[in-house]
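The next block holds one structure in the form of structure tokens; read it before the comments.
Numbered from 1 within each chain, the chains take letters A, B, ... in sequence-line order.
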Amino acid sequence: MNKSKELLEELNPEQISAVTHYKGPMLVLSGAGSGKTRVITHRAAYLVDHYGVEPSNILGLTFTNKAADEMNERLENLLPRQLDGRSPWLGTFHALGAQLLRDLVEELGRGYDRYFTIYDQSDQKKAVKETMVDLDISTEEFQPGMIASLINEAKNDLIGPDEFRSEKAGELDDYTLRMVSRVYNTYQEKLEDWNGLDFGDLIRLPTVLLEKDLESVRRWRERFKFLLVDEYQDTNHAQYVMASQLAAPENNICVVGDDDQAIFSWRGADVSNLLEFEEDYPDARVVHLSRNYRSKKPILRAANAIIENNKLRKQKEMEPERGEGKSITIYNATDEEDEADFLVRQINKLRENGAELGEIAVLYRVNPLSRGVEKKLVKRNIPYEIVRGTRFYERKEVKDVLAYLRVICNPHDDLHLLRIINTPRRGIGSRTEEAIRRSARRRGASVWDVLTGEEEPSELSSRQISRLKAFEEMIEDMRERRGERDLVDYVKGMISEIGYFSFLEKEYDPESAEDRRNNVRELIGQIKETDDETPDLEEFLENVALESDVDSYEDQRNKVSLLTLHSAKGLEFGYVFMVAMEDGLLPHKRSLEEGGMEEERRLCYVGLTRAKNRVILSYTDSRFLYGQRFSHLPSRFLEEIPEEEKIYLEGKPGTLSSEGDGSRVSSGSGGNWKDFVE
DNA sequence: ATGTGGAAAGTTTTT
DNA sequence: CTTTCCACAT
């Protein structure tokens, strides 16, 4: 109780009211740059320090692990002494679901055990495809990815395989409905046989469990007395239910969000969770945080003007607390090469004027757009970091090693077992594989059950059988030796036992083999890093499965950041470039077709409001993308920026144009190149 | 059982 | 342009 006063210093009245609120539901509508993270962390600290809440009774749910880590760090700074060791549970919904299930899955009585494997979306797609092949459903007629996303959608809405047909009756035509329902059912059976869970299950199954009246379940329900949910506008229905279940009956739930920053509806996020919070909890306190401490005025005025065009939103406007600044600069490039040149010139100017590279971000709508920029940055020796689409864990060699580890944890995981059964080659080919797979299917069991079972699939030769036996014994052996040594040594031992490095050498040319070896070493390095905190294989694999792109991203003082608009949410930069401001890309063509215009506008809004000092936008007359040349019109959002907040540039440096309706006149003057850079 | 090449398809955002 | 898939030869 000694820091409470200090915790409230430098907070505005609205922030104080959110921080000091004690029991009962609260909705914090926090606009971009309004000090949201600060409010959440201070609130957690205040609960502990002022109200004497036990830290472990606090649950903080975030959207990414990075956000959770950041919260944790800030909290430790706020309360260095009080916490020591006893900290709140901070993490993502999925991490919470996974942890709860490690404890409780067995209560479901469906054959899962605590060593379950988490399937990411590419694993899931593979499993769906395999299911379709088993069921003889054409993967031409129905794309596996499309079916997978229908299944995900259902899971996000807490619709299980049995309810699918009746629940979705209106939405899909009869035939599609029947097919998808069959796939969903069989897919789910497979997951059970394999002791595997997909992302949707990590939320859906906990909600099923939390309904149960069991001592073990009650412990979880009663564990968290105070909930803090960040980015509430991006929760889906299942997450909403899970949060409500954990908050009941006292409902000390504080949700923080901004409907203008809802950009994940394609993943099942449902803004109505935020918009209807007051109906769910009629006694909720509502706090508006509308003072923006991040962006200079022109940026905020532009962002406000754009977002105002959305119909489906709570009426509000962000109040600028920072001073005047430079106008938004808009550059019309001829093509992506010209655009990248422009970018480099601008970055160099910013640098000359004292900006650090780490304060600069380049944002774009789709990952492939990073290429053109990247190429130029390499050429001009400007350090950069791409917050990635192709992730480290997606590399083949990393996946191979991880597959071994997953199988060691959970040998019923067919998907990964079949990945490694003949990698490195051990003479088990597609025919053998088919035979054991069929046999497993027939028995409704996993391939591992077949391998360890008494009866051998009859159609196999004795040579095949002995090879399978050898594989089985090897895995068995590894499973037994687990825990004997520390994890890093164990994994190293495993890699040499299976001869993975020599396999790489045989398989690839020398330099590529070397690259791949390094990636495996890097993976071992990562185990080492987490080893200190978590010496536990399951936990390591879980972290790998639930890691997001932004998680591994650290603010680098001396590198330009390249990232998608989606990944940029929650971050801030001194200087923000948004490239490819073109109709078809932002707003994206596919969203336009699907009526997602307002979400595209929010995406644009999120991008602009990342910037503290300056925003520089660019578009091209034509660009090369996906192996084709596209001519796009300038983004319609550019027109929504008020004339007085923007300067148009065109073509070569120094030309100030008043294209279009002729009324566009700059507030910066003279068209002098130097003028529009700080 | 494995290796090769060439055709074909798919590219919004991701826990 | 990339990645994935498939048919055919070894």
Practice problem: May I ask you to establish whether A:Arg602 and A:Tyr605 are in a cation-pi arrangement, using a distance under 6.0 Å from NZ or CZ to the six-membered ring centre and at most 45° from the ring axis? | Solution: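 Cation-pi check for A:Arg602 and A:Tyr605: fails.
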Report which part of the nucleic acid A:Asp120 touches: base, sugar-phosphate, or nothing (heavy-atom distance under 4.0 Å, all strands).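 It contacts nothing in the nucleic acid.
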Using a 4.0 Å heavy-atom cut-off, does A:Phe93 contact any base of the nucleic acid, only the sugar-phosphate backbone, or nothing at all?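 If one applies the 4.0 Å heavy-atom cut-off, A:Phe93 turns out to touch nothing in the nucleic acid.
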So which nucleotide from [options] ends up closest to the side chain of [X]?
X	options	value
A:Gln121	B:dT15, C:dC1, B:dA1	B:dT15
A:Asn367	C:dC1, B:dT13, B:dT15	B:dT13
A:Val366	B:dT13, B:dG3, B:dT14	B:dT13
A:Ser567	B:dT14, B:dT2, B:dT15	B:dT14
A:Gln143	B:dT15, B:dG10, C:dC5	B:dG10
A:Phe199	C:dT2, B:dT13, B:dT15	B:dT15
A:Thr432	B:dT13, B:dT2, B:dA1	B:dA1
A:His94	B:dT13, B:dT15, B:dT14	B:dT15

Distance between P atoms of C:dT4 and B:dT13 (Å, rounded) =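 Rounded to whole Å, the distance is 15 Å.
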DNA chain B contacts made by residues 257-273 of chain A, counting heavy atoms under 4.0 Å: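 When residues 257-273 of chain A is checked for heavy atoms under 4.0 Å from DNA chain B, the hits, listed by number, are A:Trp266, A:Arg267.
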For this session: Using a cut-off of strictly less than 4.0 Å between a heavy atom of the residue and any atom of DNA chain B, enumerate the qualifying residues of residues 236-244 of chain A by number.
Result: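 Of all residues in residues 236-244 of chain A, none places a heavy atom under 4.0 Å from DNA chain B.
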- So, A:Thr432 and A:Gln464: side-chain donor and acceptor under 3.5 Å apart, yes or no?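 A pair is found: one side chain offers a donor N or O, the other an acceptor, under 3.5 Å apart.
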### Task
Could you verify whether a donor N or O on one side chain and an acceptor N or O on the other, from A:Tyr187 and A:Asp198, lie under 3.5 Å apart?
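Side-chain D/A pair, A:Tyr187 to A:Asp198: present.
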May I ask you to say whether [X] pairs ionically with [Y], meaning some side-chain N is under 4.0 Å from a carboxylate O?
X	Y	answer
A:Arg114	A:Asp103	no
A:Arg623	A:Glu337	no
A:Arg313	A:Glu598	no

Exercise. Measure the distance from OH on A:Tyr605 to P on B:dT13 and round it to the nearest whole Å.
Key: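 Distance, rounded to whole Å: 24 Å.
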| message | Whole angstroms only, please: what is the CD1-C1' distance between A:Ile436 and B:dA1? | response |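 Roughly 15 Å, once rounded to whole Å.
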Note to self: Determine whether A:Leu90 and A:Thr62 satisfy the following criterion, side chain to side chain contact (heavy atoms under 4.5 Å, CB included), listing intermediate values before the conclusion.
What the structure shows: CA-CA 8 Å; A:Leu90 301 172; A:Thr62 58; over 6 Å; no
Q | Residues in ring-ring contact (aromatic ring centres under 6.0 Å, His included) contact with A:Phe199, at least two apart in sequence or another chain | A |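 If we apply the ring-ring contact (aromatic ring centres under 6.0 Å, His included) test to A:Phe199, skipping adjacent residues, the hits are A:His94.
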Looking at residues at least two apart in the chain, or sitting in another chain, which of them share a ring-ring contact (aromatic ring centres under 6.0 Å, His included) with A:Tyr115?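 Partners of A:Tyr115 under the ring-ring contact (aromatic ring centres under 6.0 Å, His included) test: none.
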Item to check | Candidate list A:Glu582, A:Glu336, A:Arg629, test side chain to side chain donor-acceptor pair (under 3.5 Å), partner A:Ser622, passing option | outcome: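 Exactly one option meets the side chain to side chain donor-acceptor pair (under 3.5 Å) with A:Ser622, and it is A:Arg629.
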Detail all sub-3.5 Å separations between protein N/O atoms and N/O atoms belonging to nucleotides 7-10 of chain C.
none

Next on the checklist: Test: ring pair (Phe, Tyr, Trp, His ring centres under 6.0 Å). Region: residues 134-156 of chain A. Which pairs qualify, not counting sequence neighbours?
Outcome noted: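 Every ring pair (Phe, Tyr, Trp, His ring centres under 6.0 Å) pair that includes a residue of residues 134-156 of chain A, provided the two are not neighbours, is A:Phe142-A:Tyr175.
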